[in-house]
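Below is one structure, written out as structure tokens, with a few remarks after it.
We're numbering straight along the sequence, starting at 1.
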Amino acid sequence: MQHPNFETQHPLQQDEQEMGYDPLQNYYNRNRDRGSLDSAVESTFQSYRKEWDHLFQNSNYLARIRRAGINGRLRSSRFRSVCWKLYLDVLSEDKTQWISRTKVHRAQYEKIKETHITNPRKAAGQHDLVVNNPLSQDEGSLWNKFFQDKELRVMIKQDVLRTFPEMLYFQEEDVRTKLTDILFCYARENERLLYKQGMHELLAPIVFVLHCDHQAFQHASETANPSEEMKVLLDPKFHEHDAYAMFSLLMETAEPWFSSFEREVRQGKEEMLTSIPFARPQDSGPSVAIVTKVNRIQDQLVKKHDVELYMHLNRLEIAPQIYGIRWVRLLFGREFPLQDLLVVWDALFADSITLDLVDYVFVAMLLYIRDALIASNFQTCLGLLMHYPPIGDIHSLLLKALFLRDPKNNPRPVNYQFQQNLDYYKTRGADLVNKTRASTKAAPLNINKVSSSLLNFGRKLIAPMGGGSSGISPINNEVISAPPPQAPVPRPLAEPPSCTAPSNTQMKSQPFPQTHHQHRLLKSESLPQPQLK
């Protein structure tokens with residue numbers, strides 16, 4: 001019985017060779033494929049070397065790569081990390097110093113890590129056991145330092161575990177360890193600032209960009225011998241060292257946005273002063289610098305470029321602290337997908353190490369959704385600002401920011417506007433309001449007002465025995481007094497009328513009867529309170 005796929009050949013049928021099939025053709029094809037593969041491999045390194053030369057082999061190369069970063073031409077670059085090092089002053093403009101300066105930074109981090117990441121067990125025989133034992137409370141005890149360090153590392157690790165959860169790269173244990181070690185060393189080197197939540201989101205893109213460039217370098221170096229500069233600058237063994245150097249210099253600009261210390265400018269240098277009087281670290285709210293910055297952006301820049309939008313946000317009492325602190329501190333890290341975020345950071349770093357362009361990107365983002373904001377009520381506006389809509393072309397947003405800052409030297413970009421169904425953002429805004437109202441814990445007080453420790457001291461002085469207590473709104477970061485039950489307060493005239501009746505969950509979560517004024521999120525500190533008649 002023949003196999004169903006077995007075919008017989010007719011005796012008169014021509015052989016394949018007679019029909020033009022060359023039995024050597026397969027051999028030729030294999031050699032041609034191998035040759036094309038070799039040429040492809042060669043062209044891969046050639047293109048890699050060509051990109052390097054195009055970026056850096058020029059007398060005016062720094063101005064060229066700055067333009068490339070601002071104009072969005074580094075999106076697919078294999079040397080983005082080198083450009084960032086130049087933008088952040090990790091590398092000097094003088095290329096002859098690149099190798100030596102890189103080695104200095106790496107040696108510094110090695111020393112920092114050796115100093116702060118210690119194992120008291122290894123040093124047990126080198127110190128007095130009376131002081132250096134696990135039960136010792138002596139400040140000089142390595143064990144005492146070890147337990148304090150462990151608490152700090154646990155706090156950092158909690159944030160690191162939440163870093164870009166949608167990306168597998170950041171779920172690797174090796175990557176998480178690098179992030180934790182870098183942030184821990186930075187905290188120990190900056191004892192007054194320590195670690196603040198959000199720093200991990202500034203470090204993660206730096207680590208990712210270095211990783212991508214290292215992968216490209218390893219791929220290119222498989223087929224040819226790269227230059228000595230490439231070998232040193234893109235050595236994967238020093239991934240962690242280079243990330244620390246870049247992060248540290250970035251934090252020199254971003255540090256005031258995380259710090260609760262005031263600053264004073266003396267002879268062109270900023271010096272830290274004491275923290276706000278009577279304030280404990282756990283009581284301090286947003287820093288003076290970040291609150292001042294976001295208020296200035298909304299009260300000056302937004303008002304200048306779109307007074308209607310400015311008035312609308314003020315009528316709804318949406319202060320810039322609600323959304324703007326996160327935007328600025330994280331350099332818009334939660335507002336855009338990572339690939340778009342890297343393009344934004346290209347422009348921010350290339351423009352200036354002082355990150356001046358941040359203010360105008362902030363305004364451009366508001367103008368992109370301005371029509372949706374003006375047409376929306378409080379909850380929908382909140383949803384749009386806290387869950388920023390996707391942008392089709394991120395470069396158009398950067399062009400808008402450049403135009404807003406300097407319209408004479410930058411062409412007017414095409415005016416894109418967000419146009420989508422707002423139901424999603426209305427729901428997100430309502431969720432935020434309900435979640436905040438349901439919270440039983442008071443939000444940190446704004447340090448521009450008064451510290452909570454001083455406030456509690458004042459309450460004890462003026463509170464009558466057995467009397468009622470004033471309430472702290474879980475939504476508002478300001479202190480409010482409980483309204484008298486017999487005198488309902490009318491709604492301010494500037495507040496838009498509500499079209500729908502409140503839900504049961506909203507009524508249950510309100511601390512006072514429905515007829516009383518509903519306090520909203522963080523009133524703008526520059527906006528005077530409406531006079532109730």
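Using a 4.5 Å heavy-atom cutoff, the side chains of Leu301 and Phe362 are not in contact. With contacts defined as side-chain heavy-atom distances shorter than 4.5 Å, the pair Leu331/Leu250 qualifies. Residues Trp84 and Met246 form a side-chain contact, since some pair of their non-hydrogen atoms from C-beta on lies under 4.5 Å apart.
Using cut-offs of 30° and 60° for the angle between ring planes, the Tyr61 and Trp98 rings count as perpendicular. Ring geometry for Tyr48 versus Phe79: interplanar angle of 30 to 60°, hence tilted. Between Phe170 and Phe208, the ring planes are tilted. Angles from 30° to 60° get that label.
Ion pairing between a basic and an acidic side chain is recognised when a charged N comes within 4.0 Å of a carboxylate O; Arg101 and Glu229 show no such pairing. In summary, Asp149 and Arg188 engage in a salt bridge, as defined by a charged side-chain N under 4.0 Å from a carboxylate O. Between Lys178 and Asp174 there is a salt bridge, since at least one side-chain N of the basic residue sits less than 4.0 Å from a carboxylate O of the acidic one.
Scanning for side chain to side chain donor-acceptor pair (under 3.5 Å) contacts around Trp345 gives an empty result, with sequence neighbours left out. Checked against salt bridge (charged side-chain N to carboxylate O under 4.0 Å, His left out), Asp89 has no partners two or more places apart in sequence or in another chain. Listed by chain and residue number, Lys237 satisfy the side chain to side chain donor-acceptor pair (under 3.5 Å) test with Asp235 (two or more places apart in sequence, or in another chain).
Taking the six-membered ring for Trp and the full ring otherwise, the centers of Phe349 and Tyr87 sit at least 6.0 Å from each other. In this structure, the ring of Phe238 has its center no less than 6.0 angstrom from the ring center of Tyr244.
Summarising the local packing, NZ of Lys231 is surrounded by more than 12 heavy atoms from other residues, nucleotides or ligands at distances under 6.0 Å.
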Which donor-acceptor pairs under 3.5 Å do side chains of residues 195-205 form with protein atoms, sequence neighbours excluded?
from, atom 1, to, atom 2, distance (Å)
Tyr195, OH, Asp159, OD2, 2.7
Tyr195, OH, His200, ND1, 3.3
Lys196, NZ, Leu193, O, 2.5
Gln197, NE2, Asp159, OD1, 3.4
Glu201, OE1, Arg334, NE, 3.2
Glu201, OE2, Arg334, NE, 3.0
Glu201, OE2, Arg334, NH2, 2.7

Problem set entry | Audit row: Lys85, Leu249, side chain to side chain contact (heavy atoms under 4.5 Å, CB included) steps and yes/no | CA-CA 9 Å; Lys85 289 177 183 179; Leu249 287 169; over 6 Å; no

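Annotation: salt bridge (Lys or Arg N to Asp or Glu O under 4.0 Å) contacts involving residues 48-62, sequence neighbours excluded, comprise Arg49-Asp53, Glu51-Arg78. Residue pairs meeting the salt bridge (Lys or Arg N to Asp or Glu O under 4.0 Å) criterion with at least one partner in residues 64-77, sequence neighbours excluded, are Arg75-Asp340.
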